[in-house]
Amino acid sequence: MRWYQRLKRDIEAVFERDPAARSIWEVIFCYPGFHALQMHRIAHFLWKKGLKFPARLLSHITRFLTGVEIHPGAVIGAGVFIDHGMGVVIGETAEVGDNVTLYQGAVLGGRGTEKGKRHPTIKDNVVIAAGAKILGSFTVGENSKIGAGAVVLNDVPPNCTVVGVPGRIVREQGRRVDVIDLDHANLPDPIEKTFRAMERRIEQLEARVRELEAAMRPAVVTEAISER
């Protein structure tokens with residue numbers, strides 16, 4: 001894909017996924033996530049040409065201007081949308097596919113000081129909600145959603161939802177995802193489900209205790225009378 005085709009796809013992605021976008025000029029001049037992507041594409045070109053320092057310098061300037069930190073070595077596909085962008089971090093060996101959406105505070109990071117491939121690979125159409133942390137060299141499959149604040153440390157199969165700390169997979173296999181699902185605020189919460197189950201069990205135990213107390217009360221009264 002040529003640079004102008006990628007640029008066109010990046011602009012289209014903003015209109016597809018942000019109802020606040022009103023015009024092309026607004027996208028070009030008022031979207032820091034869009035700015036960060038375009039500056040990264042230049043920095044990545046310099047990085048591949050062996051101009052490491054200029055690439056890192058441009059990346060640093062972009063971070064200062066937009067609040068988005070993308071290492072120039074990262075590979076990012078077309079149609080990626082970084083919403084708001086502040087606090088987003090994408091590491092050197094991260095690979096981001098087409099039509100991926102990242103919300104503010106999302107991190108594609110590494111673990112420790114290992115060499116080589118140490119950042120995640122994000123496949124096409126993945127949605128990474130606000131504050132999610134994806135740490136390590138593994139793959140997040142196509143059409144998956146990472147819930148807000150989740151910490152993902154292992155592979156995620158395609159068409160799955162991950163929530164919680166550490167991240168837990170809620171499988172949605174068999175359901176074809178034809179469009180990018182941006183409803184990242186309504187995700188199942190396995191922790192809440194566990195607490196609700198515990199609450200129901202406690203209510204059952206309390207009811208049983210009351211039944212036993214009621215059954216034992218006449219016997220206690222009878223015993224007290226006989227002692228007198």
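This structure is a prediction, so every number in the text was calculated from the model and none was measured. Hydrogens, waters and symmetry mates are skipped; everything else that's a heavy atom, side chains included, is used.
- No salt bridge links Glu203 with Arg200; every basic N to acidic carboxylate O contact stays at or beyond 4.0 Å.
- Phe34 CZ to Ile11 CD1: the interatomic distance, rounded to the nearest 0.5 Å, is 4.5 Å.
- Scanning all heavy atoms of the two residues, the minimum distance from Pro157 to Ile169 falls at CD-CD1, 3.6 Å.
- Summarising the geometry, atom OG belonging to Ser23 is positioned 10.0 Å from atom CZ belonging to Phe29; distances are rounded to the nearest 0.5 Å.
- Heavy atoms only, all atoms of each residue included: Gly149 and Val165 are closest at O-CG2, 3.5 Å.
- The closest side-chain donor-acceptor pair between Gln204 and Arg201 falls under 3.5 angstrom.
- Judged as a side chain to side chain donor-acceptor pair (under 3.5 Å), and not counting sequence neighbours, the contacts of Thr93 are His119.
- Remark: the backbone N or O of Gly141 is not paired with any side-chain donor or acceptor of Thr139 at under 3.5 angstrom.
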Next on the checklist: If you apply the rule side chain to side chain contact (heavy atoms under 4.5 Å, CB included), what do you find for Met198 with Phe195, and how did you get there?
Outcome noted: CA-CA 5 Å; Met198 292 174 60; Phe195 277 121; 4.3 Å; yes
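- Remark: the backbone N or O of Phe81 is not paired with any side-chain donor or acceptor of Thr101 at under 3.5 angstrom.
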Next on the checklist: Does His40 form a side chain to side chain contact (heavy atoms under 4.5 Å, CB included) with Ile76? I'd like the steps, not just the answer.
Outcome noted: CA-CA 9 Å; His40 166 72; Ile76 299 181; 3.6 Å; yes
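- Between Glu142 and Lys123 there is no salt bridge, since none of the side-chain N atoms of the basic residue sits less than 4.0 Å from a carboxylate O of the acidic one.
- Nearest heavy atoms, Val96 versus Val80: CG1-CG2, 4.1 Å.
- Within the 4.5 Å cutoff, side-chain heavy atoms of Leu51 are placed close to those of Pro54.
- Crowding of Lys133 atom NZ: a count of heavy atoms from other residues, nucleotides or ligands under 6.0 Å exceeding 12.
- The NZ atom of Lys52 sits 4.5 Å away from the CH2 atom of Trp47 when rounded to the nearest 0.5 Å.
- A continuous path of Ile, Leu, Val, Met, Phe, Trp and Tyr side chains, each step under 4.5 Å between heavy atoms, connects Val100 with Phe138, placing both in one hydrophobic cluster.
- Gly147 and Ala129 get closest at one heavy-atom pair: C-CB, 3.7 Å.
- Side chain to side chain, Asp10 and Gln38 meet the donor-acceptor criterion of an N or O pair below 3.5 Å.
- Side-chain N or O atoms of Asn99 include none that pairs as donor or acceptor with a backbone N or O of Asp124 at under 3.5 Å.
- Ile42 and Leu37 are not part of a single hydrophobic cluster, where members link through side-chain heavy atoms under 4.5 Å apart.
- In summary, Arg118 and Glu92 engage in a salt bridge, as defined by a charged side-chain N under 4.0 Å from a carboxylate O.
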Checklist entry - Should Glu213 and Arg210 be marked as a salt bridge (Lys or Arg N to Asp or Glu O under 4.0 Å) after you check the CA-CA gap, both sets of side-chain angles, and the distance that decides it? => result CA-CA 5 Å; Glu213 288 177 343; Arg210 287 193 295 269; over 6 Å; no
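- Residues Ala55 and Ala43 come closest through the heavy atom pair CB-O, 3.3 Å.
- Ionic pairing of Glu211 and Arg208 is present here: one or more N-O contacts between side-chain nitrogen and carboxylate oxygen are shorter than 4.0 angstrom.
- Taking OG from Ser59 and NE2 from His44, the interatomic distance works out to 12.5 Å, rounded to the nearest 0.5 Å.
- Counting only N and O atoms by type, the side chains of Asn143 and Asn125 include a donor and acceptor under 3.5 Å apart.
- Partner Leu108 forms a side-chain contact (heavy atoms from CB on, under 4.5 Å) with one of Val89, Ile128, Val152 and no other, that one being Ile128.
- Residues Ile61 and Phe64 are members of one and the same hydrophobic cluster, defined by side-chain heavy-atom contacts under 4.5 angstrom among Ile, Leu, Val, Met, Phe, Trp and Tyr.
- The main-chain N or O of Lys117 is found under 3.5 Å from a side-chain atom of Ser137 such that the two form a donor-acceptor pair.
- When all heavy atoms of Ser144 and Asn159 are compared, the pair lying nearest together is OG-N, 3.4 Å.
- Taking a 6.0 Å sphere around CD1 of Ile24, one finds it holds 12 or fewer heavy atoms contributed by other residues, nucleotides or ligands.
- Note that CD1 of Ile82 is 5.0 Å distant from CD1 of Ile90, once rounded to the nearest 0.5 Å.
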Next on the checklist: Before you tell me yes or no, could you show the steps for Met39 and Leu58 under side chain to side chain contact (heavy atoms under 4.5 Å, CB included), namely the whole-Å CA-CA distance, both residues' side-chain angles and the distance that decides it to 0.1 Å?
Outcome noted: CA-CA 7 Å; Met39 297 297 283; Leu58 181 57; 3.2 Å; yes
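- Cluster annotation: Ile28 and Phe15 are assigned to the same hydrophobic cluster (Ile/Leu/Val/Met/Phe/Trp/Tyr, side-chain heavy-atom contacts under 4.5 Å, transitive).
- Just one of Thr121, Val107, Ile146 meets the side-chain contact (heavy atoms from CB on, under 4.5 Å) condition when paired with Ile134; it is Ile146.
- Around CZ of Phe45, the count of heavy atoms belonging to other residues, nucleotides or ligands within 6.0 Å does not exceed 12.
- In terms of modelled atom types and a separation under 3.5 Å, the side chain of His71 and the main chain of Gly73 share a donor-acceptor contact.
- Residue pairs meeting the side-chain hydrogen bond (donor to acceptor under 3.5 Å, both in side chains) criterion with at least one member in residues 26-36, sequence neighbours excluded, are Asp18-Tyr31.
- Thr62 contributes atom OG1, which lies 9.0 Å from atom CG of Leu57 (distance to the nearest 0.5 angstrom).
- In Arg41, the CZ atom is crowded: over 12 heavy atoms of neighbouring residues, nucleotides or ligands sit closer than 6.0 Å.
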